[in-house]
Amino acid sequence: MHRAIEAIWRIESARLIAGLARVVGDIGTAEELAQDALVAALEQWPTEGVPERAGAWLMGTAKHRAFDLIRRRKTLDHKHEEIGRSVERAQESVDLDAAIDEEVGDDLLGLIFMACHPVLSKDARVALTLRVLGGLTTEEIARAFLVPVSTISQRIVRAKRTLAEAHVRFEVPGGAERIARLSSVLEVIYLIFNEGYSATAGHDWIRPALCEEALRLGRILAELAPAEPEIHGVVALMEIQASRLVARVGPSGEPVLLLDQDRARWDRLLIRRGLKALERAERLGGALGPYALQAAIAACHARATTASETDWPRIVALYDAVAQLAPSPIVELNRAVAVGMAFGPAAGLELVDALVAEPSLKSYHLLPAVRGDLLRKLGRSEEAGDEFERAASLTENVRERELLERRAAECAAQGTAG
Amino acid sequence: MRVLIMAKEGEKSEAATPPTPEAMAEYQKFNEELVKAGVVLEAGRLYPSSQSKRVQFNGKKRTVIDGPFTETKELVAGYWLWQVRSIDEALEWLKRAPYDGGTFEVREVIEFEGM
């Protein structure tokens, strides 16, 4: 019974908190009311049985408490007009269960926008989103981010306080504000995904679970706001990247580079879903945003049956577009790799050499790694070996260092042989 | 985790007549709710077993058997692939499905370790 209630809670909690946040105006109170309803369920359901419409039961119970709370607040402070208005709104909806159901979508969107409000730090947005939208416990979030539980609980408490102090309203923003707020939401979702994705050691189940959670949030968001191309873009990017989760780790836990991966181990279902999401983004028209462009690059790899069939000229063109939208030395480095593949290592090397003086890449291990790779292809083994050595000394990832040292050794062997 | 839901709808699995528009509409509404919750990865319905084949392996020998098949109760009429956080969550969703007969089997898909 307990497990069934927990499962129902996981399904309903975000919608519950969202519906309550619309009525009471702040996430903290909404979450408390939702928790109260959960406690009531834990007390009553084991003896009385699970109600047929469990979600509606939880919402009804919580809303009753919400109205009591609002009434109490109203008597305490007659002058507070805003609360008065929310009481009216709340009382209007008290008999309209159907209306509540219909508004669920907008409520969820409102909650996502609130939890990802730019007034909060990135860390706070991530923690709050996982808590109120993912239904993760503070302990689970702490474990996922490898930080103490107290850090996460403080982060969440502070985030709620910041939202209240900044008088952040529960709303689905429109117009120009929508674009900025949406990009904050997408950033949070992709950060959660990357937190799980960048952990190559798969011992802790919760880190890959972060990828799944980010994907779930993205997929939900794509249905809530289907006319936003960049949502489909970020979903496409996550689906395609997730399709390689298994293939990018070797038998002893070492990282396997994209072009060396066994493509038979890529998850075809996720690739298909990713390509479909990308199509949705493209069909909506207009220029592709940064996420959709990255997804389009990932799609080029996904479509190629073997690494040698990769459409590198198209990838170069897509990187050109990314560089125009969001120029950065890292994008330039990726573009150089693609140029090297499309038009030969000499062309790639020329671009990489232009980046060597770039201060922000000074201790970035992939710069010498890429340079080493291009030099090796040009037959300049000795220089290549030096670059791989340098890359190995710069990376903090043990597995990656081993891989780079191995490549340095290969170059040294080639140098002597040649 | 991923779970495979196999719809064993008994006699209905074999019925050549399509479901009523009302039943279809109800099913679609439920499926839409699942999609909106980010649960559905894939869904499909299957033709009756009269249009299907079986291949039996016996050592090196392969035997093709034509449908229809008799064990009506075990015949799968449709499937879902869901992404859920626990088997219990899958059960909670499944219980909400608008069906009045049949057995639905819930199986967890094995995913690679380290994933």
Side-chain angles (χ1 to χ4, degrees), chain A residues 1-12 14-15 50 52-55 101 104-105 108 134-136 140 199-205 207-209 211-224 226 235 239 242 244-251 253 265 267 269-270 272-273, chain B residues 1-7 22-23 25-46 76 78-115:
Chain A
M1 176 58 107
H2 245 78
R3 279 164 54 199
I5 297 177
E6 197 189 311
I8 293 171
W9 173 251
R10 281 248 156 161
I11 293 173
E12 303 293 343
R15 292 194 267 190
V50 177
E52 204 170 308
R53 293 183 61 211
D101 281 348
V104 156
L108 265 183
L136 266 69
E140 287 169 330
T200 35
H203 294 302
D204 202 347
W205 61 271
R207 291 175 74 81
C211 290
E212 286 177 9
E213 186 55 34
L215 264 165
R216 197 181 67 89
L217 289 173
R219 289 168 184 154
I220 292 172
L221 196 59
E223 299 307 319
L224 290 176
V235 170
E239 301 265 18
R244 304 178 198 138
L245 266 171
V246 173
R248 69 199 189 112
V249 183
R265 297 180 74 201
D267 188 324
L269 172 66
L270 293 183
R272 203 162 62 240
R273 292 183 57 92
Chain B
M1 67 170 75
R2 276 183 195 175
V3 292
L4 179 69
I5 316 285
M6 285 177 282
E22 293 79 29
E26 257 195 276
Y27 165 79
Q28 269 163 6
K29 193 174 163 242
F30 176 65
N31 195 57
E32 206 172 290
E33 196 187 334
L34 286 173
V35 171
K36 282 189 172 161
V39 171
V40 179
L41 292 175
E42 178 105 87
R45 289 208 56 87
L46 309 176
V76 177
Y79 63 90
W80 267 309
L81 200 56
W82 286 355
Q83 181 77 46
V84 288
R85 288 162 290 192
S86 66
I87 284 283
D88 296 288
E89 194 186 322
L91 294 179
E92 279 312 317
W93 278 115
L94 190 52
K95 283 190 213 157
R96 299 176 185 193
Y99 295 106
D100 50 15
T103 303
F104 287 67
E105 196 171 312
V106 182
R107 307 285 293 265
E108 185 179 349
V109 178
I110 298 175
E111 288 180 89
F112 287 94
E113 193 133 323
M115 145 74 217

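Order of the sequence lines fixes the chain letters, A, B, ..., with proteins taken first and strands second; residue numbering starts at 1 for each chain. Just the heavy atoms: all of them, side chains too, but no hydrogens, waters or symmetry mates, feed the values below.
Environment of CZ in Arg96(B): crowded, with over 12 heavy atoms of neighbouring residues, nucleotides or ligands closer than 6.0 Å.
Proximity to chain A (any heavy atom under 4.5 Å) is restricted, for Leu81(B), to the side chain, taken from C-beta onward. Only the side chain of Glu12(A) comes within less than 4.5 Å of a heavy atom of chain B; its backbone N, CA, C and O stay farther away. Both the backbone and the side chain of Ile8(A) come within less than 4.5 Å of a heavy atom in chain B.
Chain B forms more heavy-atom pairs under 4.5 Å with one residue of Glu223(A), Glu52(A), Arg10(A) than with any other, namely Arg10(A).
A salt bridge does not link Arg85(B) to Glu140(A): none of the charged nitrogens lies less than 4.0 Å from a carboxylate oxygen. Salt bridge Arg265(A)/Glu111(B): absent, no basic N to carboxylate O contact under 4.0 Å.
For Arg216(A), the side-chain hydrogen bond (donor to acceptor under 3.5 Å, both in side chains) test picks out Glu213(A), with sequence neighbours left out.
Side-chain atoms of Arg273(A) come within 3.5 Å of backbone N or O of Leu41(B) as a donor-acceptor pair.
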Inset, instruction - Kindly indicate, with the supporting measurements, whether the criterion side-chain contact (heavy atoms from CB on, under 4.5 Å) is fulfilled by Lys36(B) and Ile220(A). - result: CA-CA 5 Å; Lys36(B) 282 189 172 161; Ile220(A) 292 172; over 6 Å; no

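Inter-residue side-chain proximity for Arg219(A) and Val40(B) is flagged as unmet; no heavy-atom pair is nearer than 4.5 Å.
Here the CD1-CG distance, from Ile5(A) to Asp88(B), works out to 11.0 Å after rounding to the nearest 0.5 Å.
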